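A short worksheet on the structure shown next.
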Amino acid sequence: MDDVVILGIETSCDETAAAVVRNGSELLSNVINSQINVHRKFGGVVPEVASRKHIENISGVVEQALADAALDFGEIDVVAVTNRPGLIGALLVGVSFAKGLAYALDRPLIAVNHLEGHIYANFLENPDIEFPVVCLVVSGGHTSLVYMESHGCCEVMGETRDDAAGEAFDKVARFLGLGYPGGPAVERAARDGQPGIYQLPRVYLDRNDFEFSFSGLKTATMNQWNQLKRKQGFANVNDLAAEFQAALVEVLVEKTVLAGLTREVNSILLAGGVAANGLLREQLASRSREEGLRLYRPSMDLCTDNAAMIAGCAYHQYLRGETAPLNLNAYAGLDLL
Ligand code: KG4
Ligand code: ZN
């Protein structure tokens, strides 16, 4: 088959991103314009501001992705875009831009599910991963265990009943005054603290299923902080951050390993923004090794939102003939894989 060069576009949250990927795994460029500094002063992503920034940035980001790949628009074979789930106004910027481009270039358009995109960050770097696999998808908006029998065949085994793992990191960081985005801030604080000095619950760990709940852990963290301050007038933020991170990571790791063993897969995959967490990466690696499971993790810059993973995922959809019509819409909450 001839080479397939795909331009991927991603605007589901606060990163305006474009990337060019050849044949699903050859990364020709990967441009990410992060709005973190814009949203930091609000302590979280402001949807209306995100949409406006995407509009300002998208042309330049796409042009940069082509320039970095040393390609002209005419050399793009397929245009791929995230159309679900995410902030609706943010998604619409990418979807509208991609539709215009696909129409102008007379190229096929492919609609990609953001969560499936995260999973495909693994296939960018390791195209020959053997199926079936179990994947833990942990981001700011989602926490799911997904069983994949083959490319595109995703079954959700379990997910969070309330807060996503990344959301819990962000909310706890905000409460403790550690900064934004919360995941890296908690991780930094935890490095100077010790787990076990304070005690927090491992929620749902005793249940033999694949559901998660992080809202209770978040509330327990906040209550413990308030109580310590009231009773002792002091609490060590680093120790509390370390215990929160340990409690959350232990549940993610044990449930993922159990899911892999239950489905008798050879490999497990880690994906999503929280996959950048050092403790999660280390503990999942060591528990997988103990249980004879092979672990794949994206490199750090492919964990958080990017468009390379979108183009990588789109390649397999393209091979299956799953192109989208030019009246493609965006969907905020379609979190089904
Ligand atoms: O996948 P992502 O970039 O966006 C969504 O699709 O949601 O994930 C962002 C989330 C945020 O909640 C952020 O705090 C979290 O990933 N995150 C981390 C780390 N880096 C990013 N959480 C824990 N440890 C990290 N090092
Ligand atoms: Zn994401």
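Ligands are counted one by one from 1 in listed order, and the atoms in each one are counted from 1 as well. Treat the numbers as computed from the prediction; the structure is a model and nothing was measured.
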Which atom names give the shortest non-hydrogen contact between Ala165 and Val138, and what distance separates them?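 So the two residues come closest at CB-CG1, 3.9 Å.
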
Closest contact, heavy atoms only, His142 versus Pro85: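 Heavy atoms only, the tightest pair is CE1-CG, 3.7 Å.
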
What is the nearest protein non-hydrogen atom to [atom], stated with its residue, atom name and distance?
atom	answer
atom 15 (C) of ligand 1	Val274 CG2, 3.9 Å
atom 19 (C) of ligand 1	Pro184 CD, 3.6 Å
atom 18 (C) of ligand 1	Gly183 CA, 3.5 Å
atom 2 (P) of ligand 1	Asp305 OD1, 3.3 Å
atom 13 (C) of ligand 1	Asp170 OD1, 3.8 Å

State whether the shortest distance between N or O atoms of [X] and N or O atoms of ligand 1 falls below 3.5 angstrom.
X	result
Asn277	yes
Phe169	no
Pro181	no

Enumerated ligand 1 atoms positioned under 4.0 Å from heavy atoms of [X]:
X	answer
His114	6 (O)
Gly140	5 (C), 7 (O), 8 (O), 9 (C), 10 (C), 12 (O)
His118	1 (O), 6 (O)
Gly166	12 (O)
Thr304	3 (O)
Gly141	7 (O)

Out of the N/O/S atoms in Asp305, what is the name of the one closest to the Zn ion (ligand 2)?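 Result: OD1.
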
Are side-chain N/O atoms of Glu15 and Asn306 paired as donor and acceptor at under 3.5 Å?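 The answer is no; no qualifying pair exists.
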
Just by distance, with hydrogens left out, do Thr256 and Glu254 show a side-chain donor and acceptor under 3.5 Å apart?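 Looking only at side-chain atoms, Glu254 and Thr256 do not form any donor-acceptor pair under 3.5 Å.
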
Residues [X] and [Y] bridged, charged N to O under 4.0 Å:
X	Y	result
Glu155	Arg263	yes
Glu167	Lys171	yes
Arg202	Glu243	yes

When you measure from the heavy atoms of [X] to every atom of ligand 1, does any distance fall below 4.0 Å?
X	value
Cys13	no
Gln245	no
His142	no

Between Thr143 (side chain) and Ser139 (backbone), is there a donor-acceptor pair under 3.5 Å?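 It does not hold such a pair.
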
Hey, does the side chain of His114 reach the backbone of Thr82 with a donor-acceptor pair shorter than 3.5 angstrom?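 Checked: no pair found.
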
Pairwise distance CZ(Phe169) to CG(Asp163) - rounded to 0.5 angstrom: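 One finds 12.5 Å between CZ of Phe169 and CG of Asp163.
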
Euclidean distance, Arg188 CZ relative to Asn238 CG, rounded to 0.5 Å: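 That separation rounds to 11.5 Å.
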
Angle subtended at the Zn ion (ligand 2) by His118 NE2 and His114 NE2, rounded to 10 degrees: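 It is 90°, given to the nearest 10°.
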
